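Worksheet: the structure to be examined is printed underneath.
The basis for the numbers below is simple: all heavy atoms, side chains too, and nothing from hydrogens, waters or symmetry mates. Since the structure is predicted, the reported quantities are computational estimates derived from the model, not experimental observations. The first residue in the sequence is number 1, and the count goes up from there. One-based numbering, in listed order, for ligands and for the atoms of each.
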Amino acid sequence: MTLLSEILEYNKTFVDEKLYEQYTTTKFPDKKLVILTCMDTRLIELLHKATNMKNGDVKVVKNAGAILSHPFGSIMRSLLIAVYELQADEVYVIGHHDCGMSVLDGEKMLEKITERGIEKETLDIIKNSGIDLNKWLEGFDSVEDSVKHSVDMIRSHPLMADEVPVHGLVINPETGKLDLVVDGYKR
Ligand SMILES: [Zn+2]
């Protein structure tokens with residue numbers, strides 16, 4: 001059985017037995033916040049349990065590293081939509097210790113890409129068109145600095161309303177302990 005058929009089979013049971021009923025809620029976050037966090041597997045349930053969030057409480061935007069790198073990319077757009085269209089009144093950037101992005105080496109990832117069959121010429125064409133692939137694939141040295149940087153970008157974004165607090169935190173992916181990096185109320 002493939003993973004896909006396994007998922008589809010389970011899904012049929014889930015729907016047939018109405019297991020969804022316990023998750024019924026609306027698209028608006030009851031606690032009126034949006035979280036930008038990392039796609040790390042350890043955070044799927046842990047982050048929500050450790051912050052007392054259940055289905056319906058929060059909008060969540062995820063990517064590798066909880067990094068906001070482009071002021072007009074899809075992450076920033078999602079945060080703005082959460083604030084203006086979905087009643088999120090506060091933004092939380094939550095990075096985590098032991099993040100894969102803290103050890104990501106662009107050069108090494110490009111090696112893996114070519115080992116998997118992508119032609120070196122393809123990389124050259126992309127590089128020659130002005131895209132710095134190494135930089136694009138580079139991680140961060142300090143998760144605290146990365147969180148601060150993302151908070152600053154969101155806070156200073158020309159389309160972000162002044163009254164929206166933007167907080168920065170770092171979570172321990174084993175214990176769920178949160179450390180405050182930026183208190184958005186104090187700005
Ligand atoms: Zn991570």
Side-chain angles (χ1 to χ4, degrees), residues 3-4 7 23 29 31-83 86 88 90-116 118 123 126 131-157 160 164-184 187:
L3 179 59
L4 176 61
I7 289 171
Y23 301 105
K31 292 193 176 172
K32 299 198 177 294
L33 76 158
V34 55
I35 293 176
L36 166 60
T37 190
C38 182
M39 65 186 193
D40 194 287
T41 51
R42 294 166 292 181
L43 300 183
I44 293 173
E45 287 186 72
L46 181 71
L47 176 69
H48 301 294
K49 299 286 183 195
T51 52
N52 195 27
M53 299 286 165
K54 61 178 194 322
N55 209 42
D57 279 345
V58 55
K59 307 304 283 189
V60 182
V61 181
K62 289 191 171 194
N63 71 3
I67 302 171
L68 184 77
S69 22
H70 302 287
F72 290 94
S74 64
I75 297 289
M76 191 62 221
R77 183 176 56 198
S78 302
L79 297 175
L80 290 168
I81 290 169
V83 168
L86 298 162
E90 303 195 11
V91 180
Y92 288 69
V93 178
I94 307 183
H96 68 100
H97 297 294
D98 190 33
C99 185
M101 287 304 278
S102 65
V103 291
L104 188 69
D105 180 329
E107 196 61 48
K108 284 192 181 139
M109 185 162 157
L110 288 174
E111 274 171 32
K112 287 180 189 168
I113 285 172
T114 49
E115 280 166 17
R116 293 281 284 270
I118 310 301
L123 300 187
I126 296 171
I131 293 166
D132 186 342
L133 282 176
N134 289 59
K135 191 160 183 283
W136 186 55
L137 295 170
E138 202 176 81
F140 48 71
D141 294 328
S142 151
V143 65
E144 287 85 2
D145 288 350
S146 173
V147 165
K148 268 185 218 158
H149 183 251
S150 296
V151 166
D152 284 346
M153 278 184 75
I154 298 165
R155 188 52 284 153
S156 60
H157 196 279
M160 182 55 80
V164 174
V166 183
H167 311 284
L169 301 104
V170 176
I171 190 168
N172 180 314
E174 281 161 25
T175 65
K177 182 178 186 296
L178 284 172
D179 290 318
L180 186 62
V181 177
V182 179
D183 179 342
R187 296 169 64 114

Worksheet, complete the sentence: Listed as residue and atom, the protein N/O/S atoms under 2.8 Å from the Zn ion (ligand 1) are C38 SG, H96 NE2, C99 SG
Practice prompt. List in chain and number order the residues that pass side-chain hydrogen bond (donor to acceptor under 3.5 Å, both in side chains) with D145, two or more places apart in sequence or in another chain; answer none if no residue qualifies.
Written response: none
Worksheet item: Are the side chain of S102 and the backbone of D98 linked by a donor-acceptor contact shorter than 3.5 Å?
Response: no
Fill in: Criterion side chain to side chain contact (heavy atoms under 4.5 Å, CB included) against K59, the qualifying member of L33, L86, V83
L86
Tabulate below the donor-acceptor pairs under 3.5 Å that side-chain atoms of residues 172-180 make, not counting sequence neighbours, or state none.
{"unit_1": "N172", "atom_1": "OD1", "unit_2": "E174", "atom_2": "N", "d": "2.7"}
{"unit_1": "N172", "atom_1": "OD1", "unit_2": "T175", "atom_2": "N", "d": "3.1"}
{"unit_1": "T175", "atom_1": "OG1", "unit_2": "K177", "atom_2": "N", "d": "3.1"}
{"unit_1": "K177", "atom_1": "NZ", "unit_2": "D179", "atom_2": "OD1", "d": "2.7"}

Worksheet item: Is atom NE2 of H157 surrounded by more than 12 heavy atoms (other residues, nucleotides or ligands) closer than 6.0 Å?
Response: yes
Item to complete: With sequence neighbours left out, write down each residue that passes ring pair (Phe, Tyr, Trp, His ring centres under 6.0 Å) with H48, or none if nothing qualifies.
Response: none
